[in-house]
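So the structure is just underneath, and the comments pick up after that.
Nothing here was measured: the structure is a model prediction, and the numbers come from that model. The sequence lines fix the lettering, A, B, ..., with proteins before strands; numbering per chain opens at 1.
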Number of protein chains: 2
Amino acid sequence: MYPLFKKLSTALASKNIRPSFQRIKVLEYLIENPCHPTVEQIFTDLQSIIPTLSKTTVYNTLNIFHKAGLVRVLNIEDNETRYDIITETHGHFKCEECGTISNFNIDIDSIETDGLSGFKVNDRNIYFKGVCPKCLLNIKHIDRKEHIS
Amino acid sequence: MYPLFKKLSTALASKNIRPSFQRIKVLEYLIENPCHPTVEQIFTDLQSIIPTLSKTTVYNTLNIFHKAGLVRVLNIEDNETRYDIITETHGHFKCEECGTISNFNIDIDSIETDGLSGFKVNDRNIYFKGVCPKCLLNIKHIDRKEHIS
DNA sequence: GTTTGGATTTGTAATGATTACTAATATTAA
DNA sequence: TTAATATTAGTAATCATTACAAATCCAAAC
Ligand SMILES: [Mn+2]
Ligand SMILES: [Mn+2]
Ligand SMILES: [Zn+2]
Ligand SMILES: [Zn+2]
């Protein structure tokens, strides 16, 4: 019963979510892996700790967390939902080469919008796509090799 | 062989897409319905014009258009991909009450970002969620009725 | 400590969107 | 006209997610 366990337990209780072992472990996983994991990744990794874990429980838990505002749901691609423990508005960049999703800061109030007067905005998502610095470097290397050969 | 048909045909040809009847009709549909339709909507509506149309053809066509940069793909929700004939960067607002997706203008260069130096940005997506003015009005009306009764 | 009722978890079945694949059809060039 | 090629249609397969029901857990009452 390490200290973090107690901390996460009370965090869930304060949101009226009963702190079951599975729920605490999913929350802990999200905190320790802020790399925007998929359900598959969360499920596979947690199975080594909880051998009886069901994928349905991971889905249920994440949906409960989402309704409680504990996680941010990312729908960058249509075939994989990702989860982010950081709920404050920030930008996401998906590298089309390696698939990594990285955060970037964005001054949300600096965005000039036209055509939203009278709208009640609850949620802001900013997704950029392109190539990350690491992959840009690899592509250049490959290009050079191709020119030499 | 109305004039638009010829126009769309050459537009496809200029992108190295052979202008088949199905492809022209999908393109025409997107232009006439800039409301960000789903594959289901496109398929159902075009079936009345092309009774033999296959949903696979709609998928294939939209994927070809996407690769050619003719359409923008919207992944606002994880269970429904939508298509937008307007490819210039602009914001999308999805009403959580009625599901309508509306456009808004955004001065993309005014966005201050921190943490993207060295990244090659190819695509920018901005999705807001909330309640549209029409639904805000309805909610207020319902509230008033509930207070009266 | 036992009982009991509700919450949670599990496992499987169902759903739904998208893709894979193949035969049929249409188009193009010889 | 023919033959090669591209496109389409129809069906099967895939994969993420949800629905559902039985098993299990847990907290409160006795
Ligand atoms: Mn993030
Ligand atoms: Mn749009
Ligand atoms: Zn990369
Ligand atoms: Zn609305």
**OP:** Taking only heavy atoms on the protein side, list every residue of residues 78-85 of chain A lying under 4.0 Å from any atom of DNA chain D, sorted numerically.
**Re:** A/Asn79, A/Thr81

**OP:** Would you list the pairs meeting salt bridge (charged side-chain N to carboxylate O under 4.0 Å, His left out) in which at least one residue belongs to residues 118-127 of chain B, sequence neighbours left out?
**Re:** B/Arg72-B/Asp123

**OP:** May I have all residue pairs that pass side chain to side chain donor-acceptor pair (under 3.5 Å) and include part of residues 90-105 of chain A, sequence neighbours excluded?
**Re:** A/His36-A/His92, A/His36-A/Asn103, A/Glu80-A/Lys94, A/Asp84-A/His90, A/Asp84-A/His92, A/His90-A/His92, A/His90-A/Asn103, A/His92-A/Asn103, A/Glu96-B/Asn122

Original post:
How would you list, by chain and number, every residue that makes a side chain to side chain contact (heavy atoms under 4.5 Å, CB included) with B/Asn79, sequence neighbours excluded?
Top reply: B/Glu77

**OP:** Could you note down all residue pairs passing salt bridge (charged side-chain N to carboxylate O under 4.0 Å, His left out) where residues 7-17 of chain A supplies at least one of them, sequence neighbours left out?
**Re:** none

Grab the N/O contacts between the protein and nucleotides 22-30 of chain C below 3.5 Å, and write none if there aren't any.
none

Subject >> All ring pair (Phe, Tyr, Trp, His ring centres under 6.0 Å) counterparts of B/Phe128, not counting sequence neighbours >> reply: B/Phe104

Subject >> For B/Phe119, all residues meeting ring pair (Phe, Tyr, Trp, His ring centres under 6.0 Å), sequence neighbours excluded >> reply: A/Phe93

Original post:
Applying side chain to side chain donor-acceptor pair (under 3.5 Å), which residue pairs with at least one partner in residues 19-35 of chain B are found, sequence neighbours left out?
Top reply: B/Tyr2-B/Lys25, B/Tyr2-B/Glu28, B/Lys25-B/Glu28, B/Tyr29-B/Asp45

**OP:** Nearest whole angstrom, please: distance from the P of C/dT19 to the NE2 of B/His66.
**Re:** 11 Å

Subject >> B/Tyr59 OH - C/dG16 P separation (whole Å) >> reply: 13 Å

**OP:** Please lay out, stage by stage, how A/Ile50 and A/Phe21 fare under the test side chain to side chain contact (heavy atoms under 4.5 Å, CB included).
**Re:** CA-CA 9 Å; A/Ile50 316 166; A/Phe21 184 69; 3.7 Å; yes

**OP:** Rounded to the nearest angstrom, tell me the gap between atom CG in B/Asn63 and atom P in D/dT7.
**Re:** 14 Å

Subject >> side chain to side chain donor-acceptor pair (under 3.5 Å) partners of A/Lys55, counting only residues at least two apart >> reply: A/Glu40

Subject >> Atom-pair distance (CG on A/Asn16; C1' on C/dT8), nearest Å >> reply: 16 Å

**OP:** Mind running a 4.0 Å heavy-atom check of residues 22-58 of chain B against DNA chain C and sending the residues that fall below it, in number order?
**Re:** B/Thr56

**OP:** Please list, chain by chain and in numerical order, all residues satisfying ring pair (Phe, Tyr, Trp, His ring centres under 6.0 Å) with B/Tyr59, sequence neighbours excluded.
**Re:** none

